[in-house]
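Excluded from the calculations below are hydrogen atoms, water molecules and symmetry mates; all remaining heavy atoms, backbone and side chain alike, are included. Order of the sequence lines sets the chain letters (A, B, ...), proteins ahead of strands, with each chain counted from 1. Note that the structure is predicted; figures quoted are calculated from it, not measured.
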Amino acid sequence: MEYIIEMIDIYKEFPGVIANNNITLRLKKGEVHALLGENGAGKSTLMSILFGLYHADRGTIKVRGKEVNIQNPNVAYDLGIGMVHQHFQLVHNFTVTENIILGSEGKQILDRKTASKKIKDLSVRYGLNINPNDKIEDISVGMQQRVEILKMLYRDAEVLIFDEPTAVLTPQEIIELMNIIRNLIEEGKSVILITHKLKEIKLIADRCTIIRRGKYIGTVDVGKTTTGEMAKMMVGREVLFNVDKDEAKPGEVILEINDLNVLNSRKTLGLKNFSLSVKCGEVMGVAGVEGNGQTELVEAITGLRKTESGTIHISGNEISRLSIRKRYETGLSYIPEDRHKHGLILDYTVGENMIMKLYYQEPYSKRGILNPTAIEEHSNKVMELFDVRAGEGNMSLASNLSGGNQQKAIVGREIDMNPDLLIAFQPTRGLDVGAIEYIHKRIIEQRDAGKAVLLVSLELDEILDLSDRVAVVAGGELIDVVNIEDTNENELGLMMTGVRREDMHE
Amino acid sequence: DQEESSSASLKVGMVTDAGTIDDKSFNQGTWEGILEAEKDMDISTKYLKPVGTTEADYMKEIGNLYDAGFRFMVTPGFKFETTIFQVQDKYPDCKFVLIDGAPHNADWSVFNTADNTVSIFFAEHESGFLAGVASALQIKEGEMGFIGGMEIPPVQKFNWGFQQGVAYANDKYGTTVVLNAENIIYQGTFSDVAAGQQLAAQMYDKGVSVIFAAAGGVGVGAINEAKTRMAAGEDAWIVGVDLDQYADGIYEGEKSVILTSAMKHIELAGYDTLIAESKGEFPGGKTLYLEVGVPEVNPNLGEAALAAMEEVKTKIEAGDIEISDVVGDLFP
Amino acid sequence: MWDIVKLIFPYAIAYTVPILVTSLGGLYSERSGVVNIGLEGLMVFGMFAGAYIVFLLQTVAPGLSIWLGLLVGMLGGGLFALLHAFASITLNANQVISGTAINMIAGALTLYIARTLTGSGNIQVIRGLPRVDIPILSKIPILGPLLFSSTYASTWVVLGILLLSWFILYKTAFGLRLRACGEHPYAAASAGINVYRMRYIAVVISGMLAGLGGVIILVTYSGEFNGSVAGLGFLALAALIFGQWKPLGILGATFFFGFMTTMANISQVIPELSIIPPVVLKVFPYVMTLIALVIFSKSSQAPKAAGQPFDLGKK
Amino acid sequence: MNKKNSVLVRSLLATGLGLVAGAIMMLFIGANPFEGYFYLVKGAFMSVERTFNVVGTGTALVLTGLSVAFAFKTGLFNIGAAGQMLIGGLCASTVGLLVPLPRIALLPTMFIAAALGGGLWGAVPGVLKAKFNVHEVVATIMMNWIAYWIAFYYIPTFIKAEFMTTESALLPAKASLKIPWLTELTNGSYINLGIIIAIAMVILIKFILDKTTLGYELKAVGYNRDAAQYAGIKVNKNIILSMVIAGALAGLAGFVYYCGYSQNMQIGKLPSLGFDGIAVALLGASSPWGVLAAAMFFGLLHSAKGFMNAITGIPPQISDTIIAIIIYFTATSLFIERLIKKVIARRKEKAKDAKGGED
Ligand SMILES: Nc1ncnc2c1ncn2[C@@H]1O[C@H](COP(=O)(O)OP(=O)(O)OP(=O)(O)O)[C@@H](O)[C@H]1O
Ligand SMILES: Nc1ncnc2c1ncn2[C@@H]1O[C@H](COP(=O)(O)OP(=O)(O)OP(=O)(O)O)[C@@H](O)[C@H]1O
Ligand SMILES: [Mg+2]
Ligand SMILES: [Mg+2]
């Protein structure tokens with residue numbers, strides 16, 4: 001029995017979209033099998049079908065050679081298939097134990113004690129280091145992912161599906177995850193891994209299946225294929241991996257932060273005595289593990305969060321008591337982390353979204369009355385400039401745009417405001433290489449035009465590609481600011497754990 | 001079909017006041033009188049329930065009936081006064097029977113009962129008086145209470161008559177029944193069943209043994225409370241209102257919490273005027289006073305009480321007892 | 001003051017119980033992720049169904065008819081709630097609209113049917129549940145007169161439901177799943193839980209409990225069905241929020257309402273209370289609720305997914 | 001199909017289904033639905049008076065519907081239109097009865113009083129929502145009851161009728177929205193100046209929502225509070241403002257109802273129009289013109305159901321039931337519409353396949 005899972009000619013259609021168009025994927029026992037494809041290619045859909053969340057319109061699934069009908073996740077678990085979803089499927093105000101036993105509680109009357117013990121044991125065996133009694137809302141994203149893994153192990157899954165597990169992790173956490181996956185393989189499990197990062201595929205996968213726009217392209221042996229070849233199969237053209245950029249020509253200081261203290265959502269100090277200055281004509285990267293003060297820093301600058309003490313100057317003006325709007329008016333633009341929560345009003349048209357921060361100004365409105373012509377002209381211009389594609393142009397509802405186009409619209413809107421300081425928080429999260437390439441180019445253009453960019457990213461590659469200088473944060477404190485030429489991935493990764501440079505070189 | 005057969009006969013309509021057609025009180029009485037007449041003569045009947053209780057709401061339903069061919073309408077309640085004042089001129093070929101009120105204009109400056117309208121009144125204070133006498137004579141000693149709905153003239157008159165009746169019994173027949181000011185109240189609605197139950201419960205808990213409830217739905221709550229208590233062996237009586245409410249008070253077999261009822265024979269309003277109409281003797285332009293009193297049969301009243309009541313009745317008829325229909329020095 | 005409290009207490013409890021059980025119904029529904037503005041209508045419908053059964057059987061079997069009425073009211077409420085469930089779960093309709101429609105349909109339809117069935121919009125009950133002092137317990141000082149005197153059997157049933165609800169919600173697999181559906185239905189689904197089924201069950205339970213609440217009104221203090229429960233369903237909804245979607249919180253909130261409203265209702269016949277302007281007493285429970293909501297507002301425990309349709313993209 | 005059309009289709013679909021359901025219920029009691037609907041329409045339009053009564057009856061509903069719809073647009077659910085309406089009516093009536101002004105000045109003063117009163121009643125839940133995150137559904141329910149009891153004691157104390165404690169005095173002609181010559185001309189229909197106010201408000205609200213920066217902000221807050229804040233819009237201010245405007249609209253409904261339709265106020269009642277406003281807003285898909293149309297439709301049902309009942313014996317509850325069922329279908333029509341679309345798409349596909357399956 002060579003294959004543990006065979007998905008043959010899977011076809012699945014959503015209203016208006018063929019998500020899977022006769023895709024075939026075969027998983028060998030004991031292998032790590034990568035699944036590669038652009039955003040919206042249909043990867044999550046395919047895996048959701050395997051996991052019983054969706055039902056294929058056509059196609060066959062065989063598990064251990066036997067044809068099966070996976071009606072729901074319970075059937076999948078019974079067949080030994082488990083899945084870690086792209087967006088974690090955890091109940092935030094439940095404990096770890098409660099989340100793990102949910103759906104397979106055993107008896108009707110809960111026995112949390114026994115379950116916790118079993119979870120503790122599993123955690124020790126796979127080196128997951130989880131406390132079963134913690135609430136999900138109190139633990140880090142990395143920990144949450146381990147809870148997802150434990151969920152599968154708790155149910156004795158043999159085949160583990162990981163949907164973009166590394167998108168939310170720090171380099172250290174990624175390394176740990178890779179180790180965990182190796183452990184799993186050693187224990188006889190098989191793994192399907194979805195990721196956009198070719199490097200990771202190279203690192204851990206045995207074979208890789210590539211799909212494009214819902215169609216099956218091919219399955220390759222990772223050892224015998226270059227990343228370039230895989231990327232080409234995925235997008236259907238050559239892809240540039242490195243951003244071309246000239247030497248930075250930094251100018252005056254534009255953003256000056258002094259002794260800033262900011263509370264986090266848990267009402268403790270999320271940013272402590274933080275000082276930083278950013279110059280015109282440079283990209284200042286902010287590197288750090290998620291939840292180490294980046295959100296607090298950015299929201300304090302933009303005004304979405306109150307500061308406790310300290311000062312923030314933009315072009316010499318103290319702004320920390322100004323309203324959000326006044327701050328934008330000083331020449332600040334902000335690409336937010338969460339495009340659906342902050343970046344867009346999904347029920348507004350693209351055109352209306354384009355004037356989100358401008359609507360009250362002339363020519364978009366006069367004495368409180370909107371000017372539709374000016375709005376249309378403006379949004380058409382931005383959409384053209386930034387290649388935002390939408391079915392009904394600026395009249396399309398934002399919710400009808402694909403993720404990449406939504407992000408391009410936001411980036412376009414913010415850059416078009418011609419800011420002196422652009423704050424970009426995870427500008428390419430979850431996007432495919434094509435879209436990433438495009439947005440990176442725009443950010444560098446901004447820098448080259450003599451503007452300052454504060455780039456917050458959890459992905460070190462992005463930081464290394466774009467930044468001129470890097471500020472490393474850990475535990476809400478600034479660890480250090482280093483020039484990009486003077487550092488490397490390893491060093492940054494270490495600093496992100498809170499180790500200072502001086503201590504490193506002793 | 002239906003329309004054809006009825007087109008020959010008189011179409012008689014009613015527009016209800018607040019409350020449903022089976023409110024055990026005003027609307028129901030009026031409607032039963034009309035139905036009674038339907039048995040005895042060739043008429044077809046229909047009632048409409050307005051959405052609200054404003055003049056506009058009433059006008060609308062009267063218009064609906066009129067446009068549907070109804071030419072004889074009965075409207076219960078003094079709230080129809082200004083409405084009838086207008087429609088009696090607007091629809092001169094339609095006859096109107098206004099119960100409990102006389103048509104007048106908005107600022108009460110013009111009163112006019114047109115030739116196609118008859119006003120019907122009841123002496124609620126007399127009815128309340130008789131009920132007061134009867135219940136005082138029955139329980140002889142102890143406390144009584146009064147729960148009114150809204151503070152409107154007919155309810156007030158019931159209250160004042162009842163107080164005078166109790167006082168009369170104390171005075172002339174040596175009973176020692178007490179009516180405390182705090183136990184004479186208007187709940188403020190005709191619909192708050194819960195408040196009716198709770199108020200009655202409080203009164204009973206404080207030693208009241210008879211409550212005169214002239215309060216629509218509030219009274220329903222009070223009756224319900226009385227039933228619960230009587231079933232448990234307590235003394236908790238209700239004096240009913242408008243109709244003979246004996247049946248509503250039954251809690252076991254034939255036993256009822258209704259001591260007696262302060263009735264006004266509303267059913268006569270529709271019945272009598274329709275009979276008159278059929279004889280071509282519609283008393284248009286007149287104001288009639290119809291019979292009030294307590295039910296013929298009062299299973300809960302003893303011999304002595306019944307006998308005394310007859311005595312009082314004759315005296316009232318003879319004009320020997322004067323019953324005031326204003327508050328005077330009574331409890332308001 | 002003690003005398004007043006003692007006087008009021010049994011009636012306040014009687015008034016509280018229907019709101020309490022209805023609010024618990026709302027708890028199931030909202031904890032599963034379905035907002036239920038239709039509680040009022042569900043109460044009305046349950047009250048109607050129960051009243052009709054009592055009406056039919058009360059002369060044949062007076063005692064039994066009441067309990068049958070309670071049972072049928074529950075079933076009726078549950079059945080009627082399917083309408084809300086179908087719209088908001090199967091059809092992914094806007095839950096607020098669907099709930100509003102439930103209220104409107106209940107009010108109109110029950111009167112329409114009542115007319116056709118009994119020839120009368122009102123349905124009267126000859127006798128409701130008896131009120132009894134619990135032997136021994138009612139003799140305990142302080143608690144005896146407050147809690148164990150003049151109680152209805154239905155009150156103990158509802159308190160049983162309260163305790164059971166607490167246990168189910170927090171101690172059983174069913175409760176865990178239910179809460180998961182209300183917090184994060186997709187997580188529940190990926191754990192193999194049939195979210196649609198859980199929500200159906202919860203909405204039907206909410207209908208049953210609201211229906212029960214309606215019939216309890218009938219067989220305790222009102223004695224008559226007339227097509228309305230006078231806004232108690234909305235109060236139950238408010239109590240659910242005021243009580244922070246927790247069984248004991250709901251108990252507190254509903255009792256607060258019940259006590260204050262009863263006190264306002266009877267203030268007229270209590271000289272000590274009648275010195276307070278009645279408008280103050282009447283308005284007090286509502287104003288206090290607003291103030292309490294302000295105080296508790298910092299820590300809202302609303303189920304995260306309540307009100308959001310769940311759609312797995314299944315065909 | 002664009003968004004606007006599809007909303008219209010949905011409302012019409014729901015109405016159609018509601019009428020079908022009503023027909024089934026008529027059959028159920030042995031009545032002829034065609035006859036029923038014939039007399040319903042006849043009752044609405046058989047005379048000048050009746051035609052104008054449809055408008056007169058729908059007038060206040062336009063405003064309560066608009067109140068609920070406006071709040072909906074900004075993400076809030078206003079169950080409090082009844083209370084706001086009551087307070088608006090109370091303020092207008094007080095001015096109308098007690099302030100000695102000539103008609104030309106009195107009516108505008110009453111207008112302002114009603115809008116202020118209703119606005120204030122909306123502001124409280126607005127502030128509670130904005131500053132303390134108190135759910136507006138509970139807050140408005142509470143405010144309804146507070147309004148109810150205030151009116152209950154205010155009317156008998158300050159503006160009672162001469163011979164009655166349960167009603168306010170009738171408004172003098174100069175304080176009434178009725179226009180004597182128009183009333184005369186339409187044989188005593190209920191049409192009054194209120195309809196002008198209602199239509200003016202429809203236009204004003206439509207304009208605010210679609211054409212102004214204020215509307216842009218309000219809708220942005222309604223659709224996505226976080227994004228609005230991110231855009232620099234003052235979220236709290238807009239929530240409060242939205243509730244104030246919604247309250248003011250409901251307050252004006254009180255003005256046109258109590259001073260145009262009924263001429264006085266009665267205690268012990270929360271106006272059912274406040275709750276009907278929810279239905280109107282839903283059927284009108286929260287768009288101002290939709291609300292106007294829905295209110296007129298409800299006005300038709302309300303003013304003609306009695307006539308239908310008088311002629312055919314179909315109980316008037318049928319029209320309430322029809323309204324309720326229509327609302328149920330507005331909730332579910334999105335799904336039905338999708339179903340229809342899917343069927344159409346299938347058909348097209350099949351047609352394509354039949355052509356030869358290329359492409
Ligand atoms: N529930 C759904 N309803 C409608 N369309 C859907 C649904 N889920 C996914 N789609 C669409 O199906 C296509 C495939 O989506 P899928 O999530 O499988 O992509 P993906 O390859 O996982 O993309 P990503 O890299 O962004 O995670 C997309 O066009 C997506 O918009
Ligand atoms: N849930 C959905 N419902 C309806 N249409 C959708 C849905 N999701 C996506 N679409 C539409 O399907 C099309 C494809 O979306 P998809 O997410 O696959 O884009 P994409 O090719 O991945 O682009 P990008 O690289 O920008 O993400 C888009 O035009 C989008 O409007
Ligand atoms: Mg995409
Ligand atoms: Mg995916």
Inset, instruction - Please work out which of the three classes, parallel, tilted or perpendicular, describes the rings of Y328(A) and Y230(D), given edges at 30° and 60°. - result: perpendicular
Legend entry - Leading residue by heavy atom contact count with chain D [cutoff under 4.5 Å; candidates L346(A), I355(A), T302(A)]: I355(A)
Legend entry - Between N371(A) and E362(A), a side-chain donor and acceptor under 3.5 Å: no
Legend entry - Portion of Y364(A) that has a non-hydrogen atom of chain D nearer than 4.5 angstrom: neither
Inset, instruction - For H342(A) and Q229(D), test the side chains for any donor-to-acceptor distance below 3.5 angstrom and give the result as yes or no. - result: no
Legend entry - Top of P336(A), S323(A), G303(A) for chain D proximity - count of heavy-atom pairs under 4.5 angstrom: P336(A)
Inset, instruction - Give, as side chain, backbone, both or neither, the part of Q361(A) having an atom under 4.5 angstrom from any heavy atom of chain D. - result: neither
Inset, instruction - Indicate whether the side chain of N238(D) and that of E217(D) have a donor and an acceptor atom separated by less than 3.5 Å. - result: yes
Inset, instruction - Could you tell me whether Y216(D) and Y348(A) have their ring centroids closer than 6.0 angstrom? - result: yes
Legend entry - Part of E352(A) lying under 4.5 Å from any heavy atom of chain D: both
Inset, instruction - Please determine, among K326(A), M395(A), R327(A), K357(A), the option with the most heavy-atom pairs under 4.5 Å with chain D. - result: K357(A)
Inset, instruction - Name the region of L344(A), side chain, backbone, both or neither, that has any atom closer than 4.5 Å to a heavy atom of chain D. - result: backbone
Legend entry - Any side-chain donor near an acceptor of the partner, Q426(A) and T428(A), under 3.5 Å: no
